[in-house]
Amino acid sequence: MSPEIGTDQGSFLSMVRVALTRRGAPVPRPGPDIPGADWAERARRIQAEALDRWEELLARFTAELEAVAGVVHRAAPAGIPALVSRIARERQLSRVVTWSEPALGLPDLLGRLRAEGLEVEDGSPHLGRPAQPEAVESIRKRLDRGEIGLTGVDYAVADSGSLVLVSGPGKGRLVSCLPLVHVAILRPGQLVAGLEEVGVLFEVLHRQAPPADSPSSVTFITGPSRTADIELSLTRGVHGPKELHVIALS
C-alpha cells in the first residue's frame with residue numbers, strides 16, 4: 001500500500017462515494033476529518049465498535065451478501081467441521097483445501113475435518129523466496145482438484161457484504177479462487193461498517209508492518225464469481241467459485 005494513502009484518503013473515498021452513488025450502491029459514510037489523528041487509536045476504536053455492534057453489523061452484512069447469492073451460517077468453532085461436511089455432502093463433494101491451521105486460528109481443525117470423512121489438504125505450503133516454478137505448479141494442480149476452499153478473513157464490510165483477505169504466511173491466495181465452493185470463517189471483531197473503517201485499518205497495517213512483511217495483495221470478495229456475456233446472460237463460477245458460504249462464529 002502506498003504511503004500516500006493516509007494523506008489522500010479523504011479525496012480517494014470521496015471519488016468512491018461519487019462512483020457508488022451513480023450506480024445506486026451503498027455509499028461509504030464520510031469519516032471524521034481529524035488532522036493529525038492517531039491512526040492506532042482510531043483503529044482501536046473501530047475494532048471496539050466492531051465487537052459492540054457485531055449482531056447489528058452481521059444482520060446488515062447477511063442481507064447484502066444474500067442479495068448477491070452468498071450464504072451466511074451461524075456456528076460455534078466446534079461446529080465448523082460438521083457444517084463444512086454437510087455443505088460438501090449436499091453437493092456430493094469430498095475434497096477440501098485450506099489455509100494453514102495457524103492462519104485459520106483453529107487448532108486441530110484439519111484433523112476434525114478428516115474425522116468427518118473429508119479429504120483435506122493444506123493449500124498454503126511454504127515455498128521460500130524465490131518460489132520454484134515447479135513447486136508453484138504442483139500447488140496449483142492440488143488446488144485445482146480441491147472442491148471446497150476453506151479460508152478465514154481479515155476484515156468484512158457490512159455495507160457491501162464483502163470479505164477482505166490480506167495475503168500472508170499460510171494464507172494461500174488461490175484457496176479462495178480455484179475451488180468450486182468457497183467457505184470463509186468470520187469472527188466477531190472482523191466485521192466493520194464500511195470502507196472508511198477498512199481504510200483506517202489498512203493504514204495501521206501498513207504503518208506497523210516491516211517493509212519485507214507488507215502484504216503483496218489484498219482481495220475483496222462480494223458473493224460468488226459472476227460473469228456475463230455480450231447478451232448479459234449471467235453465469236456463476238466461470239472465473240472462480242460458484243458458491244460462497246460465510247460461517248459467522250457465535
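Numbering of residues begins at 1 and proceeds along the displayed sequence.
The backbone N or O of A63 lies less than 3.5 Å from no partner atom in the side chain of E66, so there is not a single donor-acceptor pair. In terms of modelled atom types and a separation under 3.5 Å, the side chain of T62 and the main chain of L58 share a donor-acceptor contact.
Ring-plane geometry between H73 and H245 is classed as parallel, the angle between the planes falling under 30 degrees on a 0 to 90 degree scale with a further cut at 60.
Counting heavy atoms from C-beta outward, F202 and V166 have side chains that approach closer than 4.5 Å. Taking the side chain as every heavy atom from C-beta outward, L165 and W99 approach each other to under 4.5 Å. Here the side chains of V157 and E197 are not in contact, with every heavy-atom distance at 4.5 Å or above. Annotation: side chain of T219 is not in contact with side chain of V164 (no heavy-atom distance under 4.5 Å). Considering only heavy atoms from C-beta on, S167 comes within 4.5 Å of S217 through its side chain. Between R74 and S250 the shortest side-chain heavy-atom distance falls below 4.5 Å.
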Practice item. Kindly determine whether I46 and V198 satisfy side-chain contact (heavy atoms from CB on, under 4.5 Å), including the steps that lead there. Key: CA-CA 9 Å; I46 288 169; V198 174; over 6 Å; no

Practice item. Please lay out, stage by stage, how E49 and R42 fare under the test salt bridge (Lys or Arg N to Asp or Glu O under 4.0 Å). Key: CA-CA 11 Å; E49 181 184 11; R42 291 178 69 183; over 6 Å; no

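Residues V68 and L191 share a single hydrophobic cluster, defined by chaining ILVMFWY side chains whose heavy atoms lie under 4.5 Å apart. In the hydrophobic clustering of ILVMFWY residues, with side-chain heavy atoms under 4.5 Å counting as a link, I148 and V71 come out apart.
Applying the side chain to side chain donor-acceptor pair (under 3.5 Å) test to residues at least two apart or on different chains, none of the pairs has a partner in residues 104-116. Applying the salt bridge (charged side-chain N to carboxylate O under 4.0 Å, His left out) test to pairs two or more places apart or on separate chains, those with a residue in residues 166-181 are D154-K171.
Between P169 and A103 the shortest heavy-atom distance is O-CB, 4.1 Å. E101 and L109 make their closest contact through OE2-N, 2.9 Å (heavy atoms, listed as atom of the first residue, atom of the second, distance). Summarising the geometry of L83 relative to A75, their closest heavy-atom pair is CD2-CB, 4.2 Å, with the distance given to 0.1 Å. For L57 against A193, the heavy-atom pair with the smallest separation is CD2-CA, 3.9 Å. Considering all non-hydrogen atoms of both residues, S176 and P241 come closest at O-CG, 3.3 Å. When every heavy atom of A43 is checked against every heavy atom of V204, the shortest pair comes out as CB-CG2, 3.7 Å.
Interatomic distance, CG of D159 versus CD of E196, reported as 11.0 Å (0.5 Å rounding). Atom CG of L195 sits about 6.0 Å away from atom CZ of F220, to the nearest 0.5 Å. Once rounded to the nearest 0.5 Å, the distance linking OH of Y155 with CD of Q190 reads 9.0 Å. With rounding to the nearest 0.5 Å, the separation of OG in S85 from CG in L118 is 5.0 Å. Rounding to the nearest 0.5 Å places CG of L163 at 7.5 Å from OG1 of T222.
At a threshold of 4.0 Å, the pair E64-R60 counts as salt-bridged, since one of the basic side-chain nitrogens sits closer than that to a carboxylate oxygen. Looking at E147 and R91, no side-chain N of the basic residue comes within less than 4.0 Å of a carboxylate O on the acidic one, giving no salt bridge.
Remark: Q92 CD is loosely packed, at most 12 non-hydrogen atoms of other residues, nucleotides or ligands lying under 6.0 Å away.
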List the atom pairs, donor and acceptor, that lie under 3.5 Å between side-chain atoms in residues 177-189 and the rest of the protein, sequence neighbours left out.
{"residue": "H182", "atom": "NE2", "partner": "T151", "partner atom": "OG1", "Å": "2.9"}
{"residue": "R187", "atom": "NH2", "partner": "L104", "partner atom": "O", "Å": "2.8"}
{"residue": "R187", "atom": "NH2", "partner": "G105", "partner atom": "O", "Å": "3.1"}

